[in-house]
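Structure record follows, encoded as structure tokens.
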Protein chains: 2
Amino acid sequence: MVNKKDDNQTEKAILEAADKVFTQKGFAAARMEDIANEAGINRALLHYYFRSKDKMFDLIFQQRVAIFFSGLGQIMQSEKRLLEKIQAIVEHEITILLAHPYLPIFVLQELNQNPQRMLAIAENAGAHPSLLLKKFSVEVRAEIKAGTIRETDPAQLFMSIMGMTIYPFVARPVVKIILEKDDAGFENVMRQRKKGITDFIIHALKP
Amino acid sequence: MVNKKDDNQTEKAILEAADKVFTQKGFAAARMEDIANEAGINRALLHYYFRSKDKMFDLIFQQRVAIFFSGLGQIMQSEKRLLEKIQAIVEHEITILLAHPYLPIFVLQELNQNPQRMLAIAENAGAHPSLLLKKFSVEVRAEIKAGTIRETDPAQLFMSIMGMTIYPFVARPVVKIILEKDDAGFENVMRQRKKGITDFIIHALKP
DNA sequence: GTCTATAGGGTGATAGAC
DNA sequence: GTCTATCACCCTATAGAC
């Protein structure tokens with residue numbers, strides 16, 4: 001009520017700063033001072049707002065995971081036909097990843113170091129992650145039966161889609177050097193890739 | 001000459017321990033004490049052998065990157081026909097990754113945080129990494145011209161191969177939960193995947 | 001709410017005995 | 001070569017003034 005500054009504004013600045021620092025450096029390498037500097041405030045204030053580094057990290061991490069998985073879940077459960085669904089997944093993921101370059105490496109690194117976190121997140125989401133594949137698998141098998149695509153293991157297909165889409169972002173520094181691109185060039189290649197991947201998969205599935 | 005222990009043996013134990021700890025936790029989260037415990041020796045001895053944490057890390061990291069890229073380079077430059085080359089790449093990578101589960105996420109994470117390291121490695125390797133794709137691109141274009149495969153961008157194809165092959169290992173904790181597998185089950189799926197990916201690509205490239 | 005100062009604990013590195 | 005002890009620094013977290 002009688003704050004010197006709108007506290008919401010400070011809190012938002014901190015969250016943005018924490019996001020940036022944690023995402024780029026990971027939990028262990030991130031310093032509270034980095035975050036404070038990035039937010040343009042004092043270290044002590046971070047603790048005033050979020051109590052501890054751990055609590056702050058958990059918050060950010062949950063948010064990031066949500067971005068990483070949220071849209072995907074919706075598309076997977078949607079009523080699109082298989083090939084359109086695949087196209088939607090690819091386009092959605094690449095769009096997200098272009099906007100959040102460090103997102104996948106950050107999430108995957110922390111999950112690898114702390115796999116049980118994945119279970120916690122799964123429970124938070126309300127549904128078991130294995131459901132993600134259930135509907136998709138049924139659809140794949142239906143298309144196979146109908147003869148519109150060739151015999152394919154749904155799980156293997158799903159991994160391929162994700163790998164083709166996400167991996168270049170995870171391996172971004174390597175890709176940039178091998179393809180001799182700067183950031184702008186890299187992003188261009190990824191935009192082209194939206195259509196490229198979809199075509200590739202459609203041909204691979206053709207009976 | 002008058003050592004209490006064969007120093008080679010201790011050095012080896014330290015390197016193995018350092019490898020394990022750095023690879024699992026990353027540089028920032030790794031503690032010298034973790035490595036000492038893992039090697040069954042004292043912290044001070046680490047410094048006696050390798051002077052500093054940084055030097056030790058650099059050593060391990062170089063080795064790991066070599067494993068990650070070495071065989072790949074040879075296959076890429078070999079005289080196999082395109083489709084056999086692709087098959088060889090997939091099988092080689094998956095074999096390596098089954099033996100070194102944490103390898104890709106470790107290397108890619110550290111490279112993301114320190115992209116200039118990639119340039120240093122490139123120079124060390126003697127050849128510019130962009131050469132990796134040169135021969136491959138020529139071969140792809142030749143096959144297209146010969147009509148044996150359909151119009152395809154070589155760089156995009158290469159990223160797809162790498163993504164399909166490496167990504168599941170990077171996302172291992174996620175994959176395990178979505179597919180409801182334990183470690184043994186995951187590894188089985190990956191072994192099947194060797195053939196699965198190759199088939200997938202062959203069909204995708206069919207004119 | 002925001003700052004300065006500082007407590008309290010951990011970590012990399014070195015000195016020195018054996 | 002290997003150990004124990006210790007230094008010097010860094011980092012999270014809190015106390016207390018404003």
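Sequence lines set the chain letters: A, B, ... in the order given, protein chains first and strands last, and positions in each chain run from 1.
Atom CE in A:Met56 sits roughly 12 Å away from atom C1' in D:dT12 (whole-Å rounding). For B:Asn8 and D:dG1, the CG to C1' distance is 13 Å, given to the nearest whole Å. Separating the CZ atom of B:Phe27 from the C1' atom of C:dT11 is a distance of 11 Å, rounded to the nearest angstrom. Per the geometry, CD belonging to B:Glu33 stands 9 Å off C1' belonging to C:dT11, to the nearest Å. As a whole-Å value, the separation of A:Phe57 CZ from D:dT12 P is 13 Å. Per the geometry, CG belonging to B:Leu46 stands 10 Å off P belonging to C:dA13, to the nearest Å. Counting to the nearest Å, the C1' atom of D:dT2 and the OH atom of B:Tyr49 are 9 Å from each other. Atom-to-atom, CG of B:Asn37 to C1' of C:dT11 comes out at 14 Å; the value is rounded to the nearest Å.
Taking only side-chain nitrogens and oxygens, B:Ser52 never comes nearer than 4.0 Å to OP1 or OP2 of C:dG12. For B:Tyr48, no side-chain nitrogen or oxygen approaches OP1 or OP2 of C:dT14 to under 4.0 Å. A close approach under 4.0 Å does occur between a side-chain nitrogen or oxygen of A:Arg51 and OP1 or OP2 of D:dT14. Under 4.0 angstrom from either OP1 or OP2 of C:dT2 there lies at least one side-chain N or O belonging to A:Thr10.
Considering all non-hydrogen atoms of both residues, B:Ile14 and B:Leu45 come closest at CD1-O, 4.3 Å.
The side chain of B:Asp54 approaches C:dA13 more closely than any other nucleotide in the set D:dG1, D:dT12, C:dA13. Nearest to the side-chain atoms of A:Met32 among the listed nucleotides D:dG1, D:dA13, D:dT4 stands D:dA13. The side chain of A:His47 lies closest to D:dT14, out of D:dT14, C:dG1, C:dA13. The side chain of B:Arg31 lies closest to C:dT11, out of C:dT11, D:dC11, D:dC3. Taking only side-chain atoms of A:Leu45, from C-beta outward, the nucleotide of C:dA13, D:dC3, C:dT2 with the closest atom is C:dT2. Listed nucleotides: C:dT2, C:dA15, C:dA13. Nearest to the side chain of B:Ala44: C:dA15.
In summary, the aromatic rings of B:Phe50 and B:Phe57 are positioned with their centroids too far apart to meet the 6.0 Å limit.
B:Ala36 comes within contact range of no nucleotide atom at all, as no heavy-atom separation falls under 4.0 Å. Using a 4.0 Å heavy-atom distance criterion, B:Ala28 is classed as making no nucleic acid contact.
Nearest-nucleotide positions on DNA chain D place B:Asn42 closer to the 5' end than the other of B:Asn42 and A:Arg43.
For A:Lys20, the NZ atom sits in a loose shell: 12 or fewer heavy atoms of surrounding residues, nucleotides or ligands are nearer than 6.0 Å.
Distance alone, capped at 3.5 Å, is enough to place a donor-acceptor pair between the B:Glu110 side chain and the B:Phe27 backbone. Side chain of B:Lys85 to main chain of B:Met76: a donor-acceptor pair is present (N/O by atom type, distance under 3.5 Å, no hydrogens or angles).
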